[in-house]
Number of protein chains: 2
Amino acid sequence: MKSFRCAGRLRAIESAETESNNGKAALSSQPGTRELIEREVGEVFVRAARLVGVPRSVGDIFGLLYVSSEPLSMEQIRTRLDMSLGSASQGLRQLRAFRAIKVVDVPGERRGHFVAEPSFRRLVSGFIQEEIRPHLESGQERLERIRELVARMPPEEQAFYRKKVDQLEKLHRTGDRLLPMLVSLIKI
Amino acid sequence: MKSFRCAGRLRAIESAETESNNGKAALSSQPGTRELIEREVGEVFVRAARLVGVPRSVGDIFGLLYVSSEPLSMEQIRTRLDMSLGSASQGLRQLRAFRAIKVVDVPGERRGHFVAEPSFRRLVSGFIQEEIRPHLESGQERLERIRELVARMPPEEQAFYRKKVDQLEKLHRTGDRLLPMLVSLIKI
DNA sequence: GCGCCGCTTCATTTTTTATTGAAATCTTTT
DNA sequence: AAAAGATTTCAATAAAAAATGAAGCGGCGC
């Protein structure tokens, strides 16, 4: 049977239940409440991911780790989110890249397990470092190049373009100043 | 001949030249300097657009309007950026939606002409209003729903999930506070 | 009111991006 | 050092997003 999805990845409820909770929760609440919560929280992060231009699978993984009370292995993640090996691997790599998750050792388990970074501040900071900064930098280079082009214009037209480039550079610097400030204001 | 593109839309240089400058610039500088500048500045905005998840055509249009010294009609934009009617129309609509451009009347011309909003502050503000806010709001609703689900959990497990939801809500409110603050710090 | 011009909409096509799963690589265990 | 297990990579496929252009609308001048 091929996987299907709609507004949040459907999880394999039975196996999730037994895997994640030492079996004790299997009959503790109405059948699917936990799964419903996990799914909804997952969706929160999927939306957030889309908002900042990250693939949904990445948001999905982070969401699951965020609501999980214990570290999960890649295989557990893969199974519960019903996603392919490749996606899981790449998603985890990306999340590690901007320090949204950490690898922890679970005694007795061989493979690495993952937990969500509990500090949103660090999460946002990592994201900015990894995804925003490079753009700002390449933008700076481009502006330099444009300045050189402007210098080649006939003098009476230079003023106009120079003003534009100045503005752009000002905006650019504003971003440079503001982003770290923004991060420092996140207190979670 | 079909249009082609690479790292920024190629413009029809000849026609752009005569259209945009009353013909006087046609021989005032090295053949393509102005076009080179326009192209590079355009690229700045295309990158910015991609960064915030807006289609490249939108960034392209805004970039062109930004470096243009006079208002341009949709047809002029369409021609100089070599894009389809539909794209131009939709792009302009989107730009208007978050007040990145304004419609001006050019005496003697029948159709509406467009200029770029000169204040980046207002531009960013409009973008946030239009693109970010709705997401924050729907997120809020989702969190409410999750709270209700948590209330249905067995008591000993509620604490864990409630803490998670509390954190999410805190982050959410942080965003709510921070975004306007961020806008107010842009001075351009 | 009629026809024209410019704009918008929308079904279709194209392009881009993400997902998949099998093969290659690297790791640990025996 | 061999074998098994886990992870990464990558070429192929599937899904999503954006561009296109023709058909439809609406206002303006005649």
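Only this structure's heavy atoms are used, side chains among them; waters, hydrogens and symmetry mates stay out. First the proteins, then the strands, lettered A, B, ... as listed; each starts at 1.
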In degrees, rounded to 10°, what is the bend between the two ends of the helix from C:dG1-D:dC30 to C:dT30-D:dA1, using five pairs at each?
-> 20°

Using atom CZ of B:Arg111 as one end and atom P of D:dG29 as the other, report the distance to the nearest whole Å.
-> 15 Å

Quickly work out the B:Asp105 CG to D:dC28 P distance and round it to whole Å.
-> 11 Å

Looking at A:Tyr66, is B:Lys164 sitting on its ring face, NZ or CZ under 6.0 Å from the six-membered ring centre and within 45 degrees of the normal?
-> yes

Taking CG from A:Asp60 and C1' from C:dT19, how many angstroms apart are they, rounded to a whole number?
-> 13 Å

Partners meeting salt bridge (Lys or Arg N to Asp or Glu O under 4.0 Å) with A:Arg121 (sequence neighbours left out) = none

For D:dT20, does OP1 or OP2 lie under 4.0 Å from any side-chain N or O of B:Ser84?
-> yes

Check for a donor-acceptor pair, side chain of A:Glu109 on one end and backbone N or O of A:Arg111 on the other, with a separation under 3.5 Å.
-> no

Without swapping roles, check the side chain of B:Gln158 against the backbone of B:Met153 for a donor-acceptor pair under 3.5 Å.
-> yes

Under-4.0 Å side-chain N/O to phosphate OP1/OP2 contact, A:Arg50 with D:dA17 | yes

Length of the NE2-C1' vector between A:His113 and D:dG5, whole Å | 14 Å

Quickly work out the A:Met83 CE to D:dA15 P distance and round it to whole Å.
-> 15 Å

So does B:Arg122 have more than 12 non-hydrogen atoms from other groups sitting under 6.0 Å from CZ?
-> no

Donor-acceptor pair, side chain of A:Ser138 and main chain of A:His135, under 3.5 angstrom = yes

Nearest to the side chain of B:Pro55, which nucleotide is it out of D:dA19, D:dT7, C:dT19?
-> D:dA19

Between C:dT20, D:dT7, C:dC7, which nucleotide has the shortest distance from any of its atoms to the side chain of B:Met74?
-> C:dC7

Pick base, sugar-phosphate or nothing for A:Arg78, based on heavy-atom distances below 4.0 Å to the nucleic acid.
-> nothing

Mind calculating the distance between CD (A:Glu75) and P (C:dT27) to the nearest angstrom?
-> 20 Å

For D:dA18, does OP1 or OP2 lie under 4.0 Å from any side-chain N or O of B:Ser57?
-> no

Could you check B:Asp166 against B:Arg147 for salt bridge (charged side-chain N to carboxylate O under 4.0 Å, His left out), going step by step and ending with a plain yes or no?
-> CA-CA 9 Å; B:Asp166 283 349; B:Arg147 279 199 187 291; 2.9 Å; yes

Distance in angstrom units between A:Phe114 CZ and D:dA6 C1', rounded = 11 Å

Determine whether more than 12 heavy atoms belonging to other residues, nucleotides or ligands lie under 6.0 Å from atom CZ of B:Arg142.
-> yes

Specify the separation, in whole Å, of atom CD1 of B:Ile61 and atom C1' of C:dC7.
-> 14 Å

Do A:Val115 and A:Phe120 share a hydrophobic cluster (ILVMFWY, side-chain heavy atoms under 4.5 Å, transitive)?
-> no

Which parts of residues 89-97 of chain B get close to DNA chain C, meaning a heavy atom less than 4.0 angstrom away?
-> B:Ser89, B:Gln90, B:Arg93, B:Arg96

Going by distance alone, is a donor N or O of one side chain under 3.5 Å from an acceptor N or O of the other, for A:Ser125 and A:Gln129?
-> no

Minimum-distance nucleotide to B:Leu85 side chain [options: C:dG21, C:dT20, D:dG21] | D:dG21

